[in-house]
Structure formats: structure tokens, C-alpha cells
Amino acid sequence: MTLAEKLLQVENLKISFSTGDDLLEVVSDVSFDIEEGKTLGIVGESGSGKSVSARSIMRLLDKNAVIDPNSNILFDGQEILKKSEREMQQIRGKDIGMIFQDPMTSLNPTMKIGKQISETILIHQNVSKKEAAEQAKEIMHLVGIPDVETRYSQYPFEFSGGMRQRIIIAIALACKPKLLIADEPTTALDVTIQAQILDLLKDIQAKTGTSILLITHDFGVVANMCEKIVVMNKGRVVEHGTTKEIFSAPKDDYTKKLLAAIPNLHEEKSEESKVKLKEIYSGKREKLIEVKELAKHFPLGRKDILKAVNSVSFDIYKGETLGLVGESGSGKSTTGRTLLRLHEATSGETVYEGSDLNTYKKNQMKEMRKRVQFVFQDPYSSLNPRKKVEDIIGEALDIHKLSKGKKQRRERVEELLELVGLEKSFSQRFPHEFSGGQRQRIGIARALAVEPEFIVLDEPLSALDASVQASIVVLLEELQKKLNLTYLFIAHDLATVKKLSDRVAVMYKGNIVELTDSEELFENPVHSYTKRLLSAIPVPDPHYEATVEKVDMDAEPEVIHIGETFTEIKPNHWVMQ
Amino acid sequence: MLKFLMKRLIQTIPVLIGVTVLTFSMILLIPGDPAQIIAGEAASPAQLELVRERLGLNNPIPVQYWDYVTGLLRGDMGNSVRSGRAVSTEVFGRLAPTIELAFYSTLLAVFLGLIAGVISAVKRYSLTDSVIMFGALFGLSMPNFWLGLMLIQWLVIGQGWFQASGWGSPQQMFLPVVTLGTAGSAIIARMTRSSMLEVIDMDYIQTARAKGVSERVVIYRHALKNAMVPVVTVVGLQFGSLLGGAVLTETVFAINGLGRLIINAIRARDFPIVQGGVLVFAFMFVFVNILVDVLYRLLNKRIDLN
């Protein structure tokens, strides 16, 4: 291979951050290259240095970042690290485009969409405003924005997340760059939208021949997109090779660990789970909760109402995990919250051991809260930053007067910490001292403090790295066995749902459209939305991705027929038809 | 937008009614008999009765209020006790210098405040930043009448560059505007700085940089417009307090504005003038804030949703 074919060569990249007097090395001796028209994936978990490496190519690092003078970044035959800021401005947006992670915050909220795209064109090309607008509209068309003329003069708040990400891609593409850096371009998006955006990137690459540097934590995404992969851990490259090599024969332990942490969709259920299902279906297991036509509407302004949950009915059996899956806005979290009366239901019943929770008075409900608990999605914002762990977990003990005296309270907190796999001594520390996974364990310990029998887990994994997710799943399974817990597990990620749940309910626009045991759901999905959802999951297997035929993702979701009645199409498989 | 403006105007009606209730009750709440004050210490009981009858002071309070409000709607705010001229003539005759003073001071405050705030934010934690923020704190803590007196001492008596009284020529207007604008510019500078710091860390600023936009354009086109949103609110409130500040500044610089009129009227116990002056101040405050809301919406399109 000659040098000319390589568009980007990064050699011995070393980046440190100066923190006061110290230099903290975050990227050490990283080397990789990208050929023209190809896609390279950098995979790593948070803190691996993957984003910092990518940003250094654009020279968009924070002021306290120091790049080692022996590092080289050769782009199109030019040394990026020797360029002045002014020269870099010529390259940014023109030769290298960048796509960011969060479409909700990456567009200027007070600038019209069209102007945000044409601005790039006006900076780098010697064209009139009118021509720039024409070009911008063409690119909007290319990235699949419908009704370009109207959309051109709208503001970002008028766009959905997926549409915004298309606009960000349009901005990056505006000057037909040779290299596109995509930094976690789909992490903040729903799976079906993720599939659309990934398809779009591939499509654009085929049309324009641009090279792509894709940064992600998700092996599913790279299997789908990249010819070659670089795996990073703690600022170092631990493995690199072709996608097929790495998936079939990973050499490094860390890569193996990451690959092992990916939930396998084809994994068989454990014997225990099969026994559980048999008991549920034969009526041997008692029902813990019967949800009957539960609905929750929110007023939107004076006239409109948002039907977040539109009459859902399901049962939860003792000791099982019921998965509740759906994309953002499907009403899954609202269902969980309404179930525990964190929201008041608009109508319907939640029958808990014979009586309807919605009719309970305040003091009855307080008693009830000892038996039902909630674990929140974001481990960063759901723990009070000014309280010690002891007080965060102990608060529930205080409210329900479950411990006598300080000593007993501390002992109980320490016991709970050990139960969730943390050290006793953590009780005297504050939340900011912990990692995301540790915080989520603290959140679980808090829920367990009152010895509940039922826990609603509201996306407890979605803010965590894959390897951490796997360990929390194991913890949740162990706790369920040990303490005989019943879970309602809410998630947007079908793969983890399959691993943890005995049965799965799929939600779409406030309705449960399909409900059956997880194996049946994955093997014989019936409702068109379920099929769409399953097809959208990027499967971390390059061979599979190459062979499987996909549901067309560009179809507008509006064409999905929800159905009118919930019917049992075969034993224990319910579908909205 | 028009619908929004109508809605905002309708919303001000209760506020305006509240304002008239308060100005009306001033007469009832002040110590002493208004008729006595108007007629003078030496007035006989018969003369007092005549004054009461003429001013409607014998009527029940709701009727008095009704007469007051219907009078206002006709543009009748009563007559000055001292000069006997209509309050409306007196008040509106003095309005121009006060509005000009507040307006130029606001302009100065916004101009200085924005520049200082942006520089401070861009050069965060540098010596420049510290100097500007110290200056802002100083400007904020200084009482403006004191600043006015110091400026007169230095630039009028010492250097003879400006005039210390009256209103109209640039030499007369400069010092009062500086005096009144200083505190405002200090507040705006601090507000702009913190708002800019917040915006500069946003993802969309990174997006702009990644387009190859130069740093100057990033700051002024992408960051400042977004940072302006909270600043505009402060400017509106500031304009209101400038009207209040005008009372002091007009006294120090002997400007024949509304503020000075009110002060003199209070000294002379000329209540109809005080009432009228306060009412006009309150109305101006309300309408300036509507203006701010409109500006706020133009800056921040997202509010259109609600």
C-alpha cells in the first residue's frame, strides 16, 4: 500500500491535560490511519481517549490540552499539528467535517437551520448568498430532509432528534469534505433512528467517496459500518485490525471483555427462566400486580391533551421480570411511574394483591412505598450531591422508621452496600466520588433499603458503558434470586431486555402492541412495530450484518398500524391487531 | 406576534388597575387632612368644606376612586395645588428630559456592559477579566448621587470640560448619563459575562468552530446572540430602575425632569403632582417591560411554542 492512498495518518499521538500543576496523560502513543473512501471505527468506553483523539485531528481541544511535540497527524499530506489557527479554520468544515453526539444541543438554537448550513459554504467557497442557499438546500435533500423549502427557514426546536442529526450531518457535508469525523453520532438516538442515520452515512459515503472516522462505544455500530477497527482503553490502542478479524479472533483481553459484554440476541434462556415461564403460563405462579386499562393523559396547553399512556393492561407475576420496551415518547416510563403513583392515573386500575392502588389514601400509600420501589435512569442526577451515601440510603430507613439509633442505621446501610457489591467504607463518601456504575449500585441499594418486593427499573443501564451494564445486569439477577424480587424493567434497548426479562411488552405511542415471553418475541415478532424495532438493532456480528435483509427504515413511522384490539394470537402471545 | 402583543397588553390591565389603586390611596394614607393642606393652614372651616366639596372628598371612597379613574381616562389628573395648572400639563411637560436621560443611560449601560462582559468572558480568569470584574463591582457598589458629585468636582469644577446643570447640550447631558449609566453597565457586564461563559461551553459553539468559523464570528454571531437572552431581561428591569435613579440624578444635576418635579412636589405637599408623576413612572415601567418581552421573543424563537 502506498502512502498516497492514506488520507489520514495519526502517529504516536500523545495528549495530556494540565490540571493546575500536574500533567494528566489521556492519550498515549496512539497511531491509526484511514484510507480514502474507507471507514475506520474507534471503539472504547468512556474515558478511553477516543473523543479526545478525534478532536485533536480538528485541533478542537480545550485550552488546557497539550499535544506532545513528537506526535504526528498527517492529513492529505499536510502536518495538522504544525498549522496555525487561521490555517486550521481553512481545513475545518472544508476538508474535514465533524458530526457530534447530541443533536439536541449541537445546533445553535437562535439561528435558522438553513443559515447554519449555508454559513459553512459561505466561509469556504467563493459563492453568493443565493448560491450558498441553493447548495444548502441540495444537501438537505441529500440527507433526507423532506419539504426542504419550508424546513430551510425553520429553527432547530422545530426538528426532532433524528432530523436534527441529519442537519448536523448536512453541515458537516456542506463543503464535500474528504474526511468525516463522527463522534458517537447515534448514541443519543432511538434504535430505529440510529439505523436510519447509519444507513444515511453509508449512502453518503457511496455517493461522495468521503472517508469516515467513526467513534463509538457500540460494537454493534462498528460491525455495521467499518472495514477496520481500533480498540482503545485508557488512552491506548489495545488492538487494531479488520472488523472481521477482531470479531472472530480478538487478541487483547480488553477487546474480549468488551465483546463478551455485548448481550447476545440468540442466547438461550436459562433453565430457571424456563421453569418460571412454565409456572406463569400454567397458573401456578401468583399474580403480584394486575394492570387494567391504565391510562395517563397530560394536558398540553388549554385544549390539547397528550395521551402518554393509552389504556394498557398487563399482569406482573411474583418473582418475574417483565420487560417494557419502547422508544422515546412511547409512554414506557410514564407507565412505570403511573404504576407506582408517582403520577396519578387518568383512569384504570393497578390491582396490587387484590386492591386498587389508585384508591389508596396517603397513609396507605406510604405503607405501600415500603413494598414498591423505583430505580432511576440517570445515576448522575438521581443522587443528591450534597448528601453522604449513608444519608442517601438511610433516608428511606428514616422515613419508614426502619432503624433504631445511629449505629443500627449505619450497620444496615453498610449491609446494603455490600449487598450491591460495594465497600462498607463508601457510606461516608459523596456521590461525585463514584463512577456511573457505582452510583447506579448506590441507587439500587437505596431502593432495597426498605426491603421491597417490587422494583420498577427505569432504564437503569442506558447511561452506563457496556461492560458496566453487564455487571449491573448480573447484580440485578442475583438480587432477584436472593431477595425474591419482582421487576418491571423499562428499556429502549432490546438486547438487554432479552437478557434480563422473562416476558417482554413492546410499547408504541402509548399502547402495548405486543406481549409475550422474550424468546418468542425475538423469534416470531408479529406486530409491524416490533419487527421494525428488532430489525433496527445493530447486531455486533459482521457476517450477520452482511447477509440479513433489513426492513426499510426510511418509511415514516406514521404508516405503522397500531391496531384496535389486543388479541392472543397463539397461547401466551398477545398482539394488538 | 401580533396575537402575543395583544395578549401582553391585555395582561397589563390588572397591573394598571393595581397601580391606579395604589396612587389613589396615597391621598388616603398620608398623614393629615388633604383639604387642610390644599387650602392652607389659615383656611376657615367653611373654606375647607368648599375645598372638600370641590375635590369630592366627602363622597364614599369607591365613588372617589371611580371619579379618579374616569378622570384619568379623560386625561384629567387633577390640578396642581401650587400652580393651579393641570397635572397632565405639568407632568408631560417634564417627561422628555427624564426619558432621554433614562434612554441614553441605558444605551451607555448596554454598550459598555456588553463589551466589558464579552471581553471578560473570552479572557476568562486573566488579568483583564479580574480588572473588568473589579471595575464592575466598584461601579455597582457606588451610590450614583455620590458618583455624580465626584464627577462634578473633577470634570466641571476641576477641568471645566462639562456643565453641571441643565439638559439639552452634549456638555450638559454627558455627566448625568455617565452617572446614571454606570451602575447599569456594571450589572449588565456581570450578567453578560456569566451568560457568555455558560454559552461558550455549549455543544453548538463547538459545531460552529468545526465549520471553520473564525473565533471572532463564533463569539459575536453564535455565542453572543444566545447569551443575550437573559441579559435583555436585566436591561428591561434596569431601565425601570433608571427611571427611579433619575430622581436622584436630576436633583444632583439640576435637570428639570419628572424626577425633580416629584421631589419638589413632595416638599411642597403638592399631592396631585406626586400622584400623577408616580402614575406616569409606573405606566412607563410596565410598557418598557412589554417591550422587553417582545425583544425577548425575537431573540429566543423557542418561546413561540408556549
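Just so it is clear: chains get the letters A, B, ... in the order the sequence lines come, proteins before strands, and each one is counted from 1.
The contact between A:Leu107 and chain B is made entirely by backbone atoms, counting heavy-atom distances below 4.5 Å. With a 4.5 angstrom heavy-atom cutoff, B:Val217 touches chain A only via side-chain atoms. With a 4.5 Å cut-off on non-hydrogen atoms, A:Arg55 touches chain B through its side chain but not through its backbone. Residue A:Gln90: no heavy atom, backbone or side chain, is found under 4.5 Å from chain B. In this structure, chain B has a heavy atom under 4.5 Å from the side chain of A:Lys63, while its backbone stays farther away.
Put simply, of A:Asp62, A:Ile168, A:Leu60, A:Asp102, the one with the most heavy-atom pairs under 4.5 Å next to chain B is A:Leu60. Among B:Arg209, B:Gln206, B:Met202, the residue making the largest number of heavy-atom pairs under 4.5 Å with chain A is B:Gln206. No other option in A:Ile181, A:Thr120, A:Asn108, A:Thr105 has as many heavy-atom pairs under 4.5 Å with chain B as A:Asn108. When the candidates A:Glu119, A:His124, A:Glu158, A:Met104 are compared by the number of heavy-atom contacts under 4.5 Å with chain B, A:Glu119 comes out ahead.
Within a 6.0 Å sphere centred on CZ of B:Phe287, heavy atoms belonging to other residues, nucleotides or ligands number more than 12. Other residues, nucleotides and ligands contribute more than 12 heavy atoms inside 6.0 Å of the NZ atom of B:Lys225. Summarising the local packing, OH of B:Tyr65 is surrounded by more than 12 heavy atoms from other residues, nucleotides or ligands at distances under 6.0 Å. The environment of NZ in A:Lys83 is crowded: more than 12 heavy-atom neighbours from other residues, nucleotides or ligands sit within 6.0 Å.
Between the side chain of A:Glu184 and the backbone N or O of A:Phe100 there is no donor-acceptor pair closer than 3.5 Å.
Taking 4.5 Å as the heavy-atom cut-off, none of the residues of residues 127-143 of chain B approach chain A.
By the 4.0 Å N-to-carboxylate-O rule, A:Arg92 lies close enough to A:Glu85 to be salt-bridged with it. Note on A:Lys82 versus A:Glu87: no salt bridge recorded, every NZ/NE/NH1/NH2 to OD/OE distance being 4.0 Å or above.
Neither side chain, A:Arg86 nor A:Gln89, offers a donor N or O lying under 3.5 Å from an acceptor on the other.
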A:Ile171/A:Gln116 under side-chain contact (heavy atoms from CB on, under 4.5 Å): CA gap, chis, key distance, verdict: CA-CA 7 Å; A:Ile171 292 173; A:Gln116 300 198 37; 4.0 Å; yes
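One distance of note links CD of A:Gln135 with CD1 of A:Ile121; it measures 4.5 Å at 0.5 Å rounding.
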